[in-house]
Enquirer: 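The structure that follows is given in the form of structure tokens.
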Amino acid sequence: MTIIFEDLSKVKLSEKLRSFVAVGAASLTGLVIRKLKVGQGGTLPGRVLMALDPKSLTYLSRDVYSLVVSGTNGKTTTTAMISHILSNYRTYSNATGANMDFAIAFALSQRPTVSCEFSKAREIGVFEVDEAYLPTVAESIRSKVAVVLNLSRDQLDRNSEVRMVAKRWREFFEANKDIKIVANCDDPLVTYAALASKNTTYVAAGCSWNLDASSCPLCEAKICFDSTSWRCQSCDFERPEPTWNVSLEGDIYHEKQYQGRMNLSIPGKFNEGNALLALAGACALLNSIGEELDVKSSVVALSEFSGSGGRFATYCLDQFDGAMVRTYLAKNPAGWDALISTILASSKKCKVVMGLNANIADGTDTSWIWDVHFEELTDRFPEVVVVGDRRYDLAVRLAYADITPILQEGTQIEVLKGLELDEGTEVIYIGNYTAFFELQKELAN
Amino acid sequence: MTGSNLTLDVVLIYPDLLGTYGDSGNALILKKRAEFQGMKSTIISVDSDEKIPTGGDIYLLGGGEDGPQNYARDLLARDGGLMSAVDQGAVVFAVCAGFQIIGESYVDSKGDIQPGLGLLDAKTSRMPKKRAVGELVSKPLFDMGQQYLSGFENHGSGTELYGDTQPLGRVVAGVGNLDSGEYEGAVRGKIVCTYMHGPALARNPSLADFLLYSATGTHPLLHHSVDDLQRLLLSERLAKVVRS
Ligand SMILES: [Zn+2]
């Protein structure tokens with residue numbers, strides 16, 4: 001395998017060789033992992049690549065016009081939506097949801113080795129990036145656009161205080177004024193970061209979780225929220241005017257021009273916000289390379305988007321009556337609250353199953369479940385089936401919300417298949433990170 | 001508690017500043033357990049722009065990020081409501097950052113020594129080793145019908161007790177107040193502090209009842225199905241920590 005750069009002269013032979021060896025080793029590792037079926041093959045190969053060639057991100061992203069997506073919730077879905085909108089271009093993406101620097105390096109190392117001499121097609125990178133890695137990754141790949149979704153509490157045991165993340169973003173945006181920011185103006189912490197740049201497009205993507213932004217990041221005074229806006233009680237920090245919005249009925253507007261009707265096939269009000277950010281992000285990226293996005297046909301294209309990595313997917317449980325299970329992933333209180341609203345918005349008869357683990361990838365501190373508003377479910381779902389390693393934590397939490405927890409042991413798929421269901425009942429499964437992917441694996445087998 | 005008709009007012013202080021670790025869960029658990037005992041109970045949630053009522057029965061202070069910690073201390077000192085309530089015999093349950101700010105002094109994110117509210121003989125300073133993160137198990141030093149207390153700790157500073165402030169428990173697993181010490185939490189009169197979140201009262205129903213008893217003088221009478229679940233949770237957690 002060879003990598004051919006546009007201006008070979010500037011790359012030392014030793015460095016080029018190094019990159020070549022690193023990419024080869026990483027690809028081989030990925031191949032082995034997929035052959036042995038021990039993973040999705042994005043993490044370890046990426047680590048191999050970065051270890052052998054720490055500067056690989058910068059090399060590999062040459063001539064690729066990149067956009068990064070970051071935030072606590074909705075990264076994978078929004079990234080996949082943007083790739084979907086830009087499917088006419090040659091795009092690279094870390095679609096498996098691995099979102100540290102090494103995973104992005106690995107995604108880029110999979111670029112075909114075509115010389116730019118005869119290929120004039122634009123190459124586009126659409127990458128989701130972990131919140132903490134946003135500055136380093138965006139800088140290394142010279143990202144044109146950063147789409148920032150939301151910031152809320154997540155993985156408390158890792159001590160990633162959300163305000164620190166917002167501050168780091170702010171400093172980065174201030175120092176890198178060329179990057180176009182596409183920011184959710186309904187989230188005060190995201191806005192706080194984005195305001196550091198004059199080069200920001202504001203999108204009214206909604207934000208139902210504001211417990212982490214209840215005090216002003218500039219002056220600590222209280223931030224007051226009403227149904228459509230927010231402002232600091234004391235200083236002049238307030239919600240900027242968005243240029244992208246969607247009406248309650250789902251009509252999309254860009255700079256007050258009607259662009260079409262939101263008609264997603266995946267559920268959830270928050271996904272409408274993700275879709276709006278995806279449109280604004282794709283638009284900004286194409287503008288940065290002197291092209292224009294056909295927004296109206298992109299809106300139509302989004303109606304065919306069916307989710308990514310099993311999020312929002314439905315499966316048949318191969319019971320005699322063909323009961324369906326819809327699988328949802330939620331990693332933190334904001335995510336769970338959003339899904340609770342989504343379940344309540346549906347009028348279907350359903351049974352709810354919740355899975356909770358506390359592995360390293362989930363965060364080992366489960367206290368956040370007490371921030372989830374399970375009480376909203378009590379009237380409609382007096383019983384909820386609980387599974388996963390930390391089902392007792394969840395059971396106690398639900399009991400204090402006056403919901404009877406039905407504790408179930410065994411693999412999640414066994415529990416789902418063993419459910420006694422009335423005719424026409426759909427199963428709704430919500431799991432946190434490793435619980436969700438454990439189930440996806442079981443469903444795939 | 002007002003008069004003989006038993007009511008319990010739980011005051012949740014500044015959930016907008018001190019509520020990072022599911023701390024409102026402790027308020028919910030106290031309210032519900034008071035209701036199981038036939039009391040009427042209310043959670044009074046006091047945001048940072050509101051005045052702290054002085055007639056509450058139990059006051060809760062939770063964990064918070066470093067910036068809001070100093071701000072919460074300023075507001076509490078200026079408001080004075082918490083100190084008046086303590087003078088009137090109210091119970092205080094303070095977790096993590098809440099524990100630190102009600103002592104004599106603590107260290108903020110910049111490393112500066114900050115005065116606390118002085119409700120405890122306790123000084124908090126940076127721990128020399130790395131942050132204490134993980135399961136925390138202790139043996140309570142007070143009679144509370146539970147052999148072990150279990151929670152999850154996450155703090156970069158440690159707290160030294162002196163004077164008439166006693167520890168809540170002796171550490172069995174985890175770090176607790178100080179990485180060189182052997183104790184967890186603090187008790188002084190009706191003030192109870194801990195580094196356990198989880199939240200603390202979810203895994204430790206006896207600690208909840210201990211606080212309720214301090215506030216109302218009543219013992220839990222009724223056995224409730226929630227107890228069984230909480231005991232299951234506690235023993236599952238203890239088994240995990242002992243095994244590893
Ligand atoms: Zn302000």
Side-chain angles (χ1 to χ4, degrees), chain A residues 152-167 210-225 232-234 332-333 358 363-375 386 389-405 407, chain B residues 14-17 19-29 31-33 47-50 62-68 70-72 74-75 95 109 131 133-135 151-156 196-203 205 224-237 240:
Chain A
S152 69
R153 58 188 67 183
D154 187 38
Q155 305 218 357
L156 299 168
D157 59 322
R158 284 195 203 157
N159 187 32
S160 56
E161 297 187 349
V162 286
R163 274 156 196 271
M164 276 308 295
V165 175
K167 206 162 155 253
N210 49 43
L211 210 59
D212 294 298
S214 45
S215 81
C216 174
L218 292 170
C219 77
E220 307 277 2
K222 185 171 172 149
I223 294 182
C224 297
F225 293 85
C232 172
Q233 237 174 17
S234 165
N332 45 48
T364 51
D365 182 359
T366 57
S367 58
W368 57 268
I369 61 174
W370 291 83
D371 289 326
V372 180
H373 296 89
F374 291 107
E375 284 79 3
V386 291
D389 302 340
R390 297 301 287 271
R391 58 188 175 281
Y392 296 115
D393 292 72
L394 201 48
V396 170
R397 172 66 190 99
L398 291 172
Y400 273 100
D402 296 317
I403 295 169
T404 305
L407 284 158
Chain B
Y14 305 156
D16 51 339
L17 300 175
T20 310
Y21 300 105
D23 295 288
S24 61
N26 288 328
L28 176 66
I29 291 165
K31 172 186 149 72
K32 288 275 185 187
R33 293 188 80 80
D47 271 349
S48 57
D49 62 335
E50 293 170 326
E65 300 189 5
D66 286 337
N70 285 350
Y71 185 59
D74 290 347
L75 291 175
V95 180
S109 53
R131 222 178 151 79
V133 184
E135 293 285 325
F152 192 97
E153 64 182 328
N154 186 350
H155 52 109
M196 294 184 289
H197 39 90
L201 305 184
R203 294 196 198 173
H224 196 276
S225 63
V226 168
D227 276 348
D228 296 336
L229 289 172
Q230 286 181 273
R231 304 276 164 190
L232 272 172
L233 168 60
L234 178 65
S235 48
E236 184 264 336
R237 284 292 84 208
K240 268 276 148 48

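FYI, side chains are in, hydrogens and waters are out, and symmetry mates aren't considered; it's all heavy atoms of this structure. A, B, ... follow the sequence lines: proteins, then strands. Residue 1 opens every chain. Computed from a predicted model, the values in this text were never measured in an experiment.
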Enquirer: Of the listed residues (B:Val226, B:Ile29, B:Asp16, B:Leu232), which shares the most heavy-atom pairs with chain A below a 4.5 Å separation?
Expert: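 With the most close heavy-atom pairs to chain A, the winner is B:Ile29.
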Enquirer: What pairs with B:Asp47 under salt bridge (charged side-chain N to carboxylate O under 4.0 Å, His left out), at least two apart in sequence or on another chain?
Expert: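 Salt bridge (charged side-chain N to carboxylate O under 4.0 Å, His left out) list for B:Asp47, sorted by chain: A:Lys222.
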Enquirer: Give a yes or no on whether a salt bridge exists between B:Arg131 and B:Glu153, defined as a side-chain N under 4.0 angstrom from a carboxylate O.
Expert: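 Salt bridge: no.
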Enquirer: Please list, chain by chain and in numerical order, all residues satisfying ring pair (Phe, Tyr, Trp, His ring centres under 6.0 Å) with A:Phe374, sequence neighbours excluded.
Expert: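 Only A:Trp336 meet the ring pair (Phe, Tyr, Trp, His ring centres under 6.0 Å) criterion with A:Phe374.
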Enquirer: Is B:Glu135 close to chain A through its backbone or its side chain, or both, or neither, when contacts mean heavy atoms under 4.5 Å?
Expert: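 Looking at B:Glu135, just its side chain touches chain A.
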Enquirer: For A:Pro405, which atoms come within 4.5 Å of any heavy atom of chain B: side chain, backbone, both, or neither?
Expert: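 Contact with chain B involves the side chain of A:Pro405 alone.
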Enquirer: Less than 4.5 Å to any heavy atom of chain B: does that hold for the side chain of A:Arg390, its backbone, both, or neither?
Expert: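 Contact with chain B: side chain only.
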Enquirer: Is the NZ or CZ atom of A:Arg153 both under 6.0 Å from the centre of the six-membered ring of A:Trp368 and within 45° of that ring's axis?
Expert: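 No, A:Arg153 and A:Trp368 do not form such a contact.
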Enquirer: Less than 4.5 Å apart, side chain to side chain, heavy atoms only: is that true for B:Ser48 and A:Ser215?
Expert: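 No; the side chains remain at least 4.5 Å from each other.
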Enquirer: Can you say whether A:Leu407 sits under 4.5 Å from chain B via the side chain, the backbone, both, or neither, judging by heavy atoms?
Expert: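 Contact with chain B involves the side chain of A:Leu407 alone.
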